**Q** 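Sharing a structure, written as structure tokens. Questions coming.
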There are 2 protein chains.
Amino acid sequence: MHDVARLAGVSAQTVSRLIKGFEGIRPGTRERVEAAIAELDYRPNQAARLLRTRKSKRIGALAHEMFEFGPARLLRGAANEARRSGYSVNIVGVDGDDELAIEEAFRSFEEEQVAGIIAVTLTDSMRRVVERRPLDVPIIVDPAETLGGGQTISQTGAAMAADHLLQLGHRRIGYLGGPDGWLPSRERRSQFLADVRAGGGQIVAEWSGDWTPASGDRAGGVFDPSANITAVFVANDAMAIGFIHRLFARGFDVPGDVSVIGFDDIAEAAYMNPPLTTVRPDFEAEGRIAIGALLAEIEHHPRGDFAHPGGELIVRSSTASVR
Amino acid sequence: MHDVARLAGVSAQTVSRLIKGFEGIRPGTRERVEAAIAELDYRPNQAARLLRTRKSKRIGALAHEMFEFGPARLLRGAANEARRSGYSVNIVGVDGDDELAIEEAFRSFEEEQVAGIIAVTLTDSMRRVVERRPLDVPIIVDPAETLGGGQTISQTGAAMAADHLLQLGHRRIGYLGGPDGWLPSRERRSQFLADVRAGGGQIVAEWSGDWTPASGDRAGGVFDPSANITAVFVANDAMAIGFIHRLFARGFDVPGDVSVIGFDDIAEAAYMNPPLTTVRPDFEAEGRIAIGALLAEIEHHPRGDFAHPGGELIVRSSTASVR
DNA sequence: AAACTTCTTGTCATCGATAACATTCTGCTC
DNA sequence: GAGCAGAATGTTATCGATGACAAGAAGTTT
């Protein structure tokens with residue numbers, strides 16, 4: 001910075017002011033300084049700035065299972081949104097229920113003096129670890145909480161699934177969910193169950209898996225035909241794929257004997273046999289919204305409108321009207 | 001730090017020395033300082049340290065399509081390995097051929113004064129952008145380059161696929177690859193082609209897609225039965241799924257009419273119909289190895305052994321002996 | 001016990017930016 | 001053109017760690 005100042009014939013302070021966008025600089029001076037900056041390809045030293053101001057433009061993202069379908073997209077949306085506002089996002093992935101890794105992540109966020117933290121906490125246990133941590137920066141523990149009381153994408157999506165099955169005339173319906181300890185899993189379940197009942201249907205069977213196709217396959221193994229289930233909502237496409245696979249192996253037809261609707265719309269869904277009817281939630285939007293809320297808090301400006309991430313029902317061939 | 005020093009009755013320098021692991025500190029002093037650190041829950045200020053030393057413990061990872069199957073696992077392996085050595089990894093995702101985003105990523109790495117950079121450059125165009133950038137920190141442009149002349153996972157995997165098909169008696173073989181501009185795509189192709197030929201087979205047809213199931217489906221549409229192809233190696237499972245889907249739609253049987261082997265072993269592969277024979281490459285190991293090489297360069301200690309990431313052939317039911 | 005080596009600890013300046021305060025310069029009024 | 005408000009710029013001290021050097025303490029040798 002001093003080199004720039006010397007070259008432009010001004011003091012370092014003037015350079016500093018220009019950099020952070022101070023208005024009151026005479027045009028002539030401004031030009032000289034800008035020329036000097038360009039000339040020397042000067043780049044401010046973040047460390048020095050951080051040391052002095054204690055304000056960074058970095059956000060820490062604690063991401064549970066960051067490479068899973070939903071979280072990955074949410075993170076992408078979040079990172080892009082943050083970047084648009086001049087913040088960078090430091091993603092720390094945590095797999096499984098590794099409390100130590102979480103503690104470590106927070107420690108590193110603290111040391112890096114992030115301006116805020118977004119924790120993509122999918123499970124209760126993880127959420128507990130995060131919540132009992134005293135912190136001096138804004139934090140968003142669950143992106144869904146930033147929706148201002150609106151519906152989460154899990155809820156909107158589950159509602160779409162329920163509506164779709166009811167419209168097709170299904171009344172005896174099953175639900176294959178994720179693990180109980182997972183928030184999205186519970187949200188999808190309660191919304192779906194409520195809507196099915198409100199629409200005059202009943203939940204005849206429930207199973208739960210661990211989001212993997214293998215667990216969907218296992219659920220398909222305990223599927224009981226004598227219960228006369230005509231449709232099943234599976235909480236993600238991966239399990240739906242395993243579920244359908246086992247149903248076929250056991251001689252059932254989808255959607256002939258039972259309709260199946262998934263959740264996520266993974267790229268492969270359209271190329272299953274039968275092509276999978278599913279819900280395509282806008283995870284990226286949820287990430288964007290969460291970061292928007294976090295930045296509002298960091299910069300103390302009021303939240304704008306509460307946007308709501310949407311979702312889309314993708315009707316393919318794994319669901320059909322009830323006979 | 002000064003508070004700690006005062007509390008322990010020593011100078012700040014002594015505290016500093018203790019922190020960075022300096023040996024020559026009398027046990028009594030050491031104890032007092034450690035007690036003071038614990039007492040005050042003291043955490044060194046990274047910014048100050050970075051300002052003074054210009055050495056950070058952070059690695060920048062420029063990740064192209066970071067949420068794709070391979071890159072995601074590679075990054076996970078890299079991040080874990082880095083963490084084991086006390087480094088944190090700052091992942092910046094770049095999607096598509098966004099040169100601007102790459103430039104921006106490097107800029108931010110520079111500003112953060114990362115100790116090294118690992119660029120997961122999958123495409124040639126991206127690689128060119130990265131390579132023409134002058135840099136003053138160690139960088140690994142392509143993880144595969146750290147293998148010390150050994151085979152990449154793409155090559156080992158392709159070799160396994162070729163071997164498998166040849167062993168089953170196939171001689172008239174097709175190849176469905178990724179985009180030409182992608183390095184892994186070319187590696188898989190050239191290795192596969194070479195091995196097939198060396199084994200007495202011939203490549204009767206070639207198609208290429210963009211890694212998506214949709215593109216696999218399109219390739220399946222132009223599959224020409226008159227060429228008497230009995231087996232096809234598809235460069236990733238997603239395309240394989242689309243490919244098989246279309247073959248079925250056109251009335252061909254897999255593996256009855258044509259065997260198909262994929263690459264990646266995505267979770268869904270086992271639950272396809274038929275369950276997909278595929279190659280399971282160890283992407284995480286590749287990430288670990290790359291970081292190992294990078295750290296060696298950063299810390300100027302000699303590279304250890306060149307480990308080689310392995311792969312595994314997963315034989316399921318989409319391949320069969322030639323009739 | 002003096003002289004000397006080695007080990008431990010302390011002092012001071014510095015990294016690059018900025019907050020707070022001080023000063024100089026402009027443009028205006030009368 | 002003197003006086004003055006307000007704008008533009010400069011000075012100084014500081015954030016928290018550490019490198020280089022200095023000094024004091026402990027141990028060794030003769």
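If you're wondering where the values come from, they're calculated on a predicted model, not measured in any experiment. Each chain gets a letter, A, B and so on, in the order the sequences are listed, and its residues count up from 1.
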**Q** Check whether any side-chain heavy atom of B/F22 lies under 4.5 Å from a side-chain heavy atom of B/S16, and answer yes or no.
**A** no
**Q** Going by an N to O cut-off under 4.0 Å, is there a salt bridge joining B/E111 and A/R58?
**A** no
**Q** Report the C-alpha separation of A/S88 and B/E112 in whole Å, then their side-chain angles, then the decisive distance to 0.1 Å, and conclude whether the side chain to side chain contact (heavy atoms under 4.5 Å, CB included) test is met.
**A** CA-CA 11 Å; A/S88 72; B/E112 289 172 24; 4.0 Å; yes
**Q** Nearest to the side chain of B/A48 - D/dA8, D/dA17, D/dG10?
**A** D/dA17
**Q** Is there a donor N/O on one and an acceptor N/O on the other, under 3.5 Å, for the side chain of A/R52 and the base of D/dT14?
**A** yes
**Q** Indicate every side-chain donor-acceptor pair of residues 59-78 of chain A with a distance under 3.5 Å to a residue at least two apart or in another chain.
**A**
unit_1 : atom_1 : unit_2 : atom_2 : d
A/H64  : NE2    : A/G96  : O      : 3.3
A/E65  : OE2    : A/G96  : N      : 3.1
A/R73  : NH1    : A/F69  : O      : 3.1
A/R76  : NE     : A/E284 : OE2    : 3.3
A/R76  : NH1    : B/D95  : OD2    : 3.1

**Q** Report the residue (A/A47 or B/G24) whose heavy-atom-nearest nucleotide on DNA chain C is the more 5′ of the two.
**A** B/G24
**Q** Within the pair A/R26 and D/dA8, is there a side-chain N or O less than 4.0 Å away from OP1 or OP2?
**A** no
**Q** Tell me: CE of A/M1 to C1' of C/dA19, nearest whole Å?
**A** 12 Å
**Q** For B/T29 and C/dT9, is the shortest distance between a side-chain N/O and OP1 or OP2 below 4.0 Å?
**A** yes
**Q** Between atom CG in A/N45 and atom P in C/dT14, what is the gap in whole Å?
**A** 17 Å
**Q** State whether A/E110 and A/R107 are salt-bridged, where the test is any N-O pair (Lys NZ or Arg NE/NH1/NH2 against Asp/Glu carboxylate O) under 4.0 Å.
**A** no
**Q** Mind listing the closest non-hydrogen atom pair of A/A47 and B/Q113 along with its distance?
**A** CB-NE2, 4.1 Å
**Q** Between A/R133, A/R127, A/R128, which is the residue that forms a side-chain hydrogen bond (donor to acceptor under 3.5 Å, both in side chains) with A/E131?
**A** A/R127
**Q** Roughly, in whole Å, what's the span from CZ in A/R54 to C1' in C/dG16?
**A** 16 Å
**Q** What is the nucleic acid contact for B/I25, judged by heavy atoms within less than 4.0 Å: base, sugar-phosphate only, or nothing?
**A** sugar-phosphate
**Q** When the distance from CD of B/Q46 to P of D/dC15 is rounded to whole Å, what number comes out?
**A** 19 Å
**Q** Please give, in whole Å, the distance from D/dT18 P to B/K55 NZ?
**A** 12 Å
**Q** Mind listing the residues from residues 13-21 of chain A sitting with a heavy atom below 4.0 Å of DNA chain C? Number order is fine.
**A** A/Q13, A/S16, A/K20
**Q** Atom CZ of A/F22 and atom C1' of C/dT18: how far apart are they, to the nearest Å?
**A** 13 Å
**Q** Round to the nearest Å and state the distance from A/L51 atom CG to D/dG16 atom C1'.
**A** 5 Å
**Q** What is the separation between atom CG on A/L50 and atom P on D/dA17, rounded to the nearest whole Å?
**A** 12 Å
